[in-house]
Amino acid sequence: MIEMQDIWKTYADGTTALQGVNVVIDRNEFVYIVGPSGAGKSTFMKLIYREEVPTKGQISVNGFNIGKLKHRKIPYVRRNIGVIFQDYKLLPKLSAFENVAFAMEVIETPRRLIRRRTMEVLELVGLKHKASSLPAQLSGGEQQRVAIARAIVNSPAVIVADEPTGNLDPETSWGIMNLLEEINFRGTTIVMATHNKEIVNTLRKRVIAIERGTIVRDQQRGDYGYEI
Amino acid sequence: MRFSTVLRHLREGFKNVSRNGWMTFASMSSIAVSLFILGVFMLLALNVSKLADQLDNQVQINVYLQVDVEQPKAEEIERTIKRIPEVKSVTFVPKAEGLKRFRESMGEEGKAALEGYENENNPLPDAFEVEAFNPQQISFIAKQIEAINLTDPAKSIAKVKYGKDTIEKLFSITNAVRNIGIFIVLGLAVMAMFLISTTIKMTIIARRREISIMKLVGAKNSFIRWPFFIEGAIIGFFGSLFSTLILLFGYSQLVKTTSATVGLYMIEFASIDEVRMLVGGTIIALGTLLGVWGSTISVRKYLKV
Ligand SMILES: Nc1ncnc2c1ncn2[C@@H]1O[C@H](COP(=O)(O)OP(=O)(O)OP(=O)(O)O)[C@@H](O)[C@H]1O
Ligand SMILES: [Mg+2]
């Protein structure tokens, strides 16, 4: 599903964020990406959905060679990747419903499908009753769930979540983890960067630890491994 | 493209237009002003060419002979004129006919004033009326007719008269007006385009976040661009529609209030029906095109999709 070969990433200002990363993530896996701040976790994720391109090395996602992709083809690759951002990236002037529907609209889904499917995922994340609220009228956890709804609404093959529980209280965090696990059960590959030790140690999955731009540990049913 | 997508782009385009109220207003106004001026020049050009057409029928060369020229000499001159290839027809106007026409042109009072000048007392010379195939050749023909005197010791031709001044001035004014007009209109059009592209640049900046999210959820580049093209088209269309309405209204008023006066000179303005489609259509098409063009510039420059 996701394959990286000797990936290097140096940003324009000269910061090298990744140095020689090799990894294979299979279909339907659930992977935690852990590591200290500035280790390169977000960079790793951004390469997957091609917000950044590698300085060196090969990435393929869902059979597409991402680095060599023609610009015209990028949208089609992204349609198969749902991204959950740490800062949600919701549009402030659109309601919860509209924020989710937006992701279907831009890929030109017929209108009647948009309505049905949007309500379906809002129900899944437990926000059907808040469909018409603006992001400012929602709590942090609710906004995060809208972001998740938007990421899953087009039924992508992969979900990339950068610290989806970053700013949330433990209870809300668990709610979101249950949601992600359920989506994973339904067949979606999940790559999630996190600093949440409790979650990683409780809901055991594959753990990939990145430090200073390299993978230092890759463990099935691993633990968080850092003291906070 | 799906119909619902078309609707969506239109909706977004209109939303963009209303977002930067003042900038939109400024760019619409600049489109309106520049195309209004273009329209004025178009109307001017249309009317001048119509006027030229009308004068064509009235334009002829009058060749007056010396009063003492005899019949055979006159016939010889007529044949010489007929041999000029650019000449369409030559009509002999005997002095009696000339007097009759003169009298008619003077109306009632003239009749009395010209009493007693008939026959031997007629002071008018015999004359020819020469018509050209092409009104622009009139002065050329006139020179050739004047040249007949060079080989004629008696210098039988007294005078060659034609609407030289009117015709030549008309053509030179038309040309000058057109050149100045092109210059002004081009300058204004560039300014209008610049304003439109600035307006759209502002929209793009205002919607940057939205655009980046659209990209991340897999919107095609064309999908992202369309609303901005539509925004440009809307600005161009409504700006030019506005100037067309003002222009055509103003013109119809002008035609209405002055047609009586102008009619005295045996000429008329191009009617509003004649110009409506041509001028209105051109201005609106051009305005819309300018708007889309202006947006293309911004989209290419600021929308790195
Ligand atoms: N756009 C950028 N330009 C320059 N340097 C960058 C950019 N993005 C990240 N970096 C640098 O690359 C390194 C890795 O950053 P990254 O965001 O991947 O870390 P991270 O593991 O996600 O950290 P955190 O846990 O704090 O989110 C850091 O040194 C960071 O400063
Ligand atoms: Mg990060």
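Letters A, B, ... mirror the listed sequences (proteins, then strands); counts begin at 1. Everything numeric in this text was worked out from a predicted model, so none of it was measured.
In terms of modelled atom types and a separation under 3.5 Å, the side chain of B/R209 and the main chain of A/L91 share no donor-acceptor contact.
Pairing each heavy atom of B/F223 with each of A/E105, the nearest pair is CZ-O, 3.6 Å.
The 12-atom threshold is not exceeded at NZ of B/K201, counting heavy atoms of other residues, nucleotides or ligands nearer than 6.0 Å. Around the CZ atom of A/R115, the shell of radius 6.0 Å holds no more than 12 heavy atoms that belong to other residues, nucleotides or ligands. Around the CZ atom of A/R111, the shell of radius 6.0 Å holds no more than 12 heavy atoms that belong to other residues, nucleotides or ligands. More than 12 heavy atoms of other residues, nucleotides or ligands sit less than 6.0 Å from atom CZ of B/F41. Residue-environment remark: OH (A/Y11) exceeds the threshold of 12 foreign heavy atoms within 6.0 Å.
Separation of atoms NZ (B/K215) and CD1 (A/I74) is listed at 9.5 Å; rounding is to 0.5 Å. Note that NZ of A/K46 and CG of B/L216 are 10.0 Å apart. Values are rounded to the nearest 0.5 Å. To the nearest 0.5 Å, atoms CD (A/E108) and NZ (B/K220) are separated by 5.0 Å. Here the CZ-CG distance, from A/R72 to B/N221, works out to 10.5 Å after rounding to the nearest 0.5 Å. Atom CD1 of B/I213 is separated from atom CG of A/L90 by 7.0 Å, given to the nearest 0.5 angstrom.
B/V217 pairs in a side chain to side chain contact (heavy atoms under 4.5 Å, CB included) with only one of the listed residues (A/V83, A/V106, A/I107), which is A/V106.
The side-chain contact (heavy atoms from CB on, under 4.5 Å) test applied to A/N22 returns A/Q5, A/D6, not counting sequence neighbours.
Heavy atoms of A/L94 lying under 4.5 Å from chain B are absent altogether. Residue A/P156: no heavy atom, backbone or side chain, is found under 4.5 Å from chain B. Only the side chain of A/R150 comes within less than 4.5 Å of a heavy atom of chain B; its backbone N, CA, C and O stay farther away.
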